[in-house]
Trainee: 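Starting off with a structure, shown below.
Model, not experiment: these values are computed from the prediction.
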Amino acid sequence: MLLLLRGFHPYRVLSFNFLSCKRIMPRRQTTKRTRVQSYESISIPSSNAHIQDEVIKAKTSRHRYQAVHNGPSNNHTSSPAEEIAPTIEPAAPRLRRSRRDRKPVDYRTESDNETEDDDPLLSRIETKAYPNEGSEASVTTESDSSAYELDGPETLLSKDVIKRKRSTSSTRKVSKKNLLEDSELSEEPQASRPIFDCPDKPLPWKGRLGYACQNTVLRFSREIAFCSRTCRIATIQKESLQFAKDLGIKNTQDLATLVEWNHRFGIHFMRVSSDLFPFASHGTYGYSLEFADSYLQAVGELANRYNHRLSTHPGQYTQIASPKESVVTNAIRDLRYHEELLSRMKLNEQLNRDAVIILHLGGSFEGKEETLNRFRDNYVRLPEAVKMRLVLENDDVTWSVQDLLPLCQELSIPLVLDWHHHNVVPGTLREGSLDLMPLLPAIRETWTRKGITQKQHYSESAYPFAISAMKRRGHSDRVYSLPPCEPDMDLMIEAKEKEQAIFELSRIFNLTNPSCPKEIEGPDFDVFNEGYYPPGAHRRLIARKQRKKKSKNNKEEVKDDEETNTKDELVT
């Protein structure tokens with residue numbers, strides 16, 4: 001009876017073997033490893049002779065295994081049962097090890113994939129974290145194989161990557177570095193996309209081609225011209241608000257340099273950076289632009305002289321259709337800052353109308369219809385000066401051309417057509433320009449009713465055949481085509497290499513407005529006579545800047561050493 005109770009009691013703590021008077025340790029409840037019960041702890045009735053013989057055989061095998069591998073034990077004395085037991089080949093006990101000490105799966109050929117302890121479940125866990133979509137691998141089913149096997153000797157995984165994957169923990173948390181390295185090994189699968197494009201090109205080109213915010217040549221020239229210097233709030237608290245204002249003055253002076261450079265190379269359209277005056281629209285550290293009135297007027301004089309169009313584009317956090325009142329308040333304050341920035345330039349009548357503020361509608365909170373109603377309600381709160389400059393643009397996340405065109409027609413807001421965004425979010429239309437052609441007159445009418453020169457945005461995807469929309473949103477370095485727009489409108493080229501994308505179009509289509517300038521030659525090029533560099537040559541500009549910075553630091557170190565030696569000589 002005691003034996004039956006002891007065998008079926010699930011919560012026992014201590015139990016005693018009345019036959020051998022040995023204490024049995026409690027059973028540990030764990031999920032990480034299976035408990036291996038010692039052979040001495042097995043209590044067997046004397047009546048079961050055949051079971052007792054099997055226990056004696058197991059004990060004999062275990063002791064002989066220890067004798068072979070660990071040497072003879074001094075405390076062990078052979079029993080009569082062991083002498084009578086038949087000879088059994090010594091075999092290693094099949095103890096299950098933890099995942100931490102487990103030998104990882106080898107990502108090689110089938111012949112090299114023989115592991116010491118094959119557990120299909122653990123093998124699936126280890127191999128599931130690293131699916132290689134781009135590799136030509138023959139993946140067996142989970143029930144048949146414990147690892148991914150690659151066909152042929154040309155494997156896409158190098159030995160270094162295999163070692164790196166073996167060293168990861170059992171949870172298989174992949175770091176950003178491993179993700180980047182794996183993405184280099186296997187590219188995203190490509191699929192052809194149906195593009196219904198129109199063969200008509202706006203040639204000969206009569207409008208203005210422009211770029212956004214920065215100039216890549218002046219960015220790496222001897223005297224850097226950069227219009228997006230900014231700082232942090234902690235710096236303002238430490239250095240006072242005048243520090244941010246001084247940065248704004250430097251940015252405005254460089255903006256004048258960019259306008260001069262653009263005119264020299266035939267570019268008459270540019271977007272002004274929203275960071276021209278850091279934190280000018282901040283709720284606590286915001287300030288008026290009256291102190292920089294003379295600098296902004298100098299930029300306006302150059303724009304009037306060269307017929308240079310300037311525009312602005314607030315960031316993605318400026319959303320007047322947000323359901324949060326604090327976001328709407330900050331958006332209205334930011335729009336007022338951009339309006340003040342453009343108004344203080346004192347542009348002529350037509351350029352002042354053309355100096356627009358481009359805005360995205362933002363997220364679709366609580367549904368598109370509710371978001372459009374909030375935009376209508378908050379649009380009334382805007383100052384009239386902001387309403388005269390505000391234009392809307394279709395984005396590459398939520399709002400298509402069909403969503404915004406009725407709203408723009410209702411509120412008399414010009415609509416900026418972005419061709420690249422339309423290909424990412426086409427709405428009910430097809431990608432490309434064929435389905436957009438019937439809507440172009442209605443879009444143009446939203447501009448002409450206010451007397452503003454129409455502008456459009458054009459860019460190309462860095463991954464035009466990518467499957468995911470997130471990857472297709474990325475802009476390419478340069479563009480190699482033109483959309484079927486009107487040849488007399490203004491076209492903003494939103495490419496990463498800025499003005500070089502414009503020069504690339506000039507070279508491809510033999511444009512004279514602007515014409516492709518002379519290529520950059522030699523280590524010390526003249527930024528006012530040379531402006532175009534072939535694709536990929538921007539690395540040379542960056543390397544040259546790094547060499548100049550390194551030589552400058554070396555000269556400063558040599559100068560400091562000379563001053564130190566002079567002081568030592570004087571002391572001596």
Trainee: Which value, rounded to the nearest 0.5 Å, describes the distance between E260 atom CD and L302 atom CG?
Mentor: 5.0 Å
Trainee: Using modelled atom types only, decide if a donor and an acceptor are shared between the side chain of R473 and the backbone of D396 within a distance under 3.5 Å.
Mentor: yes
Trainee: Taking the six-membered ring for Trp and the single ring otherwise, decide whether the centroids of H313 and H360 are under 6.0 Å apart.
Mentor: yes
Trainee: Quick test of your reading of the model: are E340 and R344 salt-bridged, counting only N-O distances below 4.0 Å?
Mentor: yes
Trainee: Enter the distance from H308:NE2 to F269:CZ here, rounded to the nearest 0.5 Å.
Mentor: 9.0 Å
Trainee: Rounded to the nearest 0.5 Å, what's the gap from OG1 on T512 to CH2 on W205? Could you check?
Mentor: 12.0 Å
Trainee: Between S481 and K201, do the side chains contain an N or O donor and an N or O acceptor separated by less than 3.5 Å?
Mentor: yes
Trainee: R336 side chain to P383 main-chain N or O, any donor-acceptor pair under 3.5 Å?
Mentor: no
Trainee: Looking only at non-hydrogen atoms, find the nearest pair between L415 and I443 and report the distance.
Mentor: O-CG2, 3.6 Å
Trainee: Applying side chain to side chain contact (heavy atoms under 4.5 Å, CB included), run through Y306 and N262 and close with a yes or a no.
Mentor: CA-CA 10 Å; Y306 303 139; N262 291 342; over 6 Å; no
Trainee: Working note: L209 + L511, criterion side chain to side chain contact (heavy atoms under 4.5 Å, CB included); need CA distance, chi angles, decisive distance, verdict.
Mentor: CA-CA 11 Å; L209 296 175; L511 303 182; 4.0 Å; yes
Trainee: Would L390 and K387 count as a side chain to side chain contact (heavy atoms under 4.5 Å, CB included) here? Give the steps.
Mentor: CA-CA 5 Å; L390 187 66; K387 291 181 181 179; 5.7 Å; no
Trainee: Can any side-chain N or O of N352 pair as donor or acceptor with the backbone N or O of N348 at less than 3.5 Å?
Mentor: no
Trainee: Distance to the ring centre below 6.0 angstrom and angle to the axis at most 45 degrees; does that hold for K245 and F277?
Mentor: no
Trainee: So, for R430 and H422, which heavy atoms are closest and what is the spacing to 0.1 Å?
Mentor: O-NE2, 3.2 Å
Trainee: Whether the side chain of S322 engages the backbone of Q319 through a donor-acceptor N/O pair (distance < 3.5 Å, no angle test) should be reported.
Mentor: no
Trainee: Going by the side chain to side chain contact (heavy atoms under 4.5 Å, CB included) test, name the single residue among P314, S311, S281, S343 that passes it with H338.
Mentor: P314
Trainee: Say you draw a straight line from NZ of K450 to CZ of R389; how long is it, rounded to the nearest 0.5 Å?
Mentor: 11.0 Å
Trainee: Will you find, in the side chains of E339 and T312, an N or O donor that is under 3.5 Å from an N or O acceptor?
Mentor: no
Trainee: Step by step, work out the salt bridge (charged side-chain N to carboxylate O under 4.0 Å, His left out) result for E460 and R478.
Mentor: CA-CA 8 Å; E460 296 175 0; R478 304 190 183 191; over 6 Å; no
Trainee: Atom NZ of residue position K250 - does it have more than 12 heavy atoms of other residues, nucleotides or ligands inside 6.0 Å?
Mentor: no
Trainee: Identify whether NZ of Lys or CZ of Arg in R219 sits under 6.0 Å from the centre of the six-membered ring of F226 and within 45° of that ring's axis.
Mentor: yes
Trainee: Do the ring planes of H282 and Y285 sit parallel (below 30°), tilted (30 to 60°) or perpendicular (above 60°)?
Mentor: tilted
Trainee: Is a side-chain donor-acceptor pair under 3.5 Å present for Y211 with E494?
Mentor: no
Trainee: If every non-hydrogen atom of I502 is compared with every non-hydrogen atom of P514, which pair is closest and at what distance?
Mentor: CG2-CG, 3.7 Å
Trainee: Mind listing the closest non-hydrogen atom pair of W447 and V356 along with its distance?
Mentor: CZ3-CG1, 4.4 Å
Trainee: Hydrogens and angles aside, do D403 and S400 bring a side-chain donor and acceptor to less than 3.5 Å of each other?
Mentor: yes
Trainee: Verify the neighbour count for atom CZ of F265: are there more than 12 heavy atoms of other residues, nucleotides or ligands below 6.0 Å?
Mentor: yes
Trainee: Do R374 and T371 have side-chain N/O donor and acceptor atoms under 3.5 Å apart?
Mentor: yes
Trainee: Check for a donor-acceptor pair, side chain of K471 on one end and backbone N or O of Y463 on the other, with a separation under 3.5 Å.
Mentor: no
Trainee: Can you check side chain to side chain donor-acceptor pair (under 3.5 Å) on Y532 and E499, steps first, answer last?
Mentor: CA-CA 9 Å; Y532 170 76; E499 80 290 341; over 6 Å; no
Trainee: Between D490 and T453, does the side chain to side chain donor-acceptor pair (under 3.5 Å) criterion hold? Intermediate values first, please.
Mentor: CA-CA 7 Å; D490 295 338; T453 306; 5.1 Å; no
Trainee: Does S273 form a side chain to side chain donor-acceptor pair (under 3.5 Å) with S228? I'd like the steps, not just the answer.
Mentor: CA-CA 6 Å; S273 173; S228 299; 3.0 Å; yes
Trainee: If you draw a 6.0 Å radius around OH in Y317, do more than 12 non-hydrogen atoms from other residues or ligands fall strictly inside?
Mentor: no
Trainee: Are the side chain of R208 and the backbone of M489 linked by a donor-acceptor contact shorter than 3.5 Å?
Mentor: no
Trainee: Dump the intermediate steps for salt bridge (charged side-chain N to carboxylate O under 4.0 Å, His left out) on D254 and R229, then the final yes or no.
Mentor: CA-CA 10 Å; D254 286 355; R229 299 180 183 88; 2.7 Å; yes
Trainee: If the test is side chain to side chain contact (heavy atoms under 4.5 Å, CB included), which one of L255, T252, N215, L218 qualifies with C227?
Mentor: L255
Trainee: Looking at L404, L436, L405, L439, which one forms a side chain to side chain contact (heavy atoms under 4.5 Å, CB included) with L417?
Mentor: L436
Trainee: Should the heavy atoms of other residues, nucleotides or ligands under 6.0 Å from CZ of R376 be counted, would the total exceed 12?
Mentor: yes
Trainee: Check whether any side-chain N or O of N330 sits under 3.5 Å from a backbone N or O of S326 as a donor-acceptor pair, and report yes or no.
Mentor: yes
Trainee: To the closest 0.5 Å, what do you measure between OH (Y533) and CD (E497)?
Mentor: 4.5 Å
Trainee: Taking atom CD of E301 and atom CG of L347, what is their separation to the nearest 0.5 Å?
Mentor: 10.5 Å
Trainee: Please name the pair of heavy atoms, one in C408 and one in R449, separated by the smallest distance, quoted to 0.1 Å.
Mentor: O-NH1, 4.4 Å
Trainee: Ignoring hydrogens and angles, state whether a donor on the side chain of D275 or T230 is under 3.5 Å from an acceptor on the partner side chain.
Mentor: no
Trainee: Is there a salt bridge (charged side-chain N to carboxylate O under 4.0 Å, His left out) between E325 and R381 once you walk through the steps?
Mentor: CA-CA 12 Å; E325 181 60 27; R381 301 167 53 182; 2.9 Å; yes
Trainee: Heavy-atom count around E290 CD within 6.0 Å, excluding the residue itself: above 12?
Mentor: no
Trainee: Could you check whether any side-chain N or O of N423 sits under 3.5 Å from a backbone N or O of G432, counting only pairs where one atom can act as donor and the other as acceptor?
Mentor: yes
Trainee: More than 12 foreign heavy atoms under 6.0 Å from CD of E349: is that the case here?
Mentor: no
Trainee: Does H457 have its ring centroid less than 6.0 Å away from the ring centroid of H420?
Mentor: no
Trainee: Output, in order, the C-alpha distance, side-chain angles, deciding distance and verdict of side chain to side chain contact (heavy atoms under 4.5 Å, CB included) for E486 and R444.
Mentor: CA-CA 10 Å; E486 296 292 334; R444 185 179 183 88; 3.3 Å; yes
Trainee: Looking only at non-hydrogen atoms, find the nearest pair between H475 and S459 and report the distance.
Mentor: ND1-OG, 3.1 Å
Trainee: Do the side chains of E431 and R472 get close enough for a salt bridge, i.e. N-O under 4.0 angstrom?
Mentor: yes
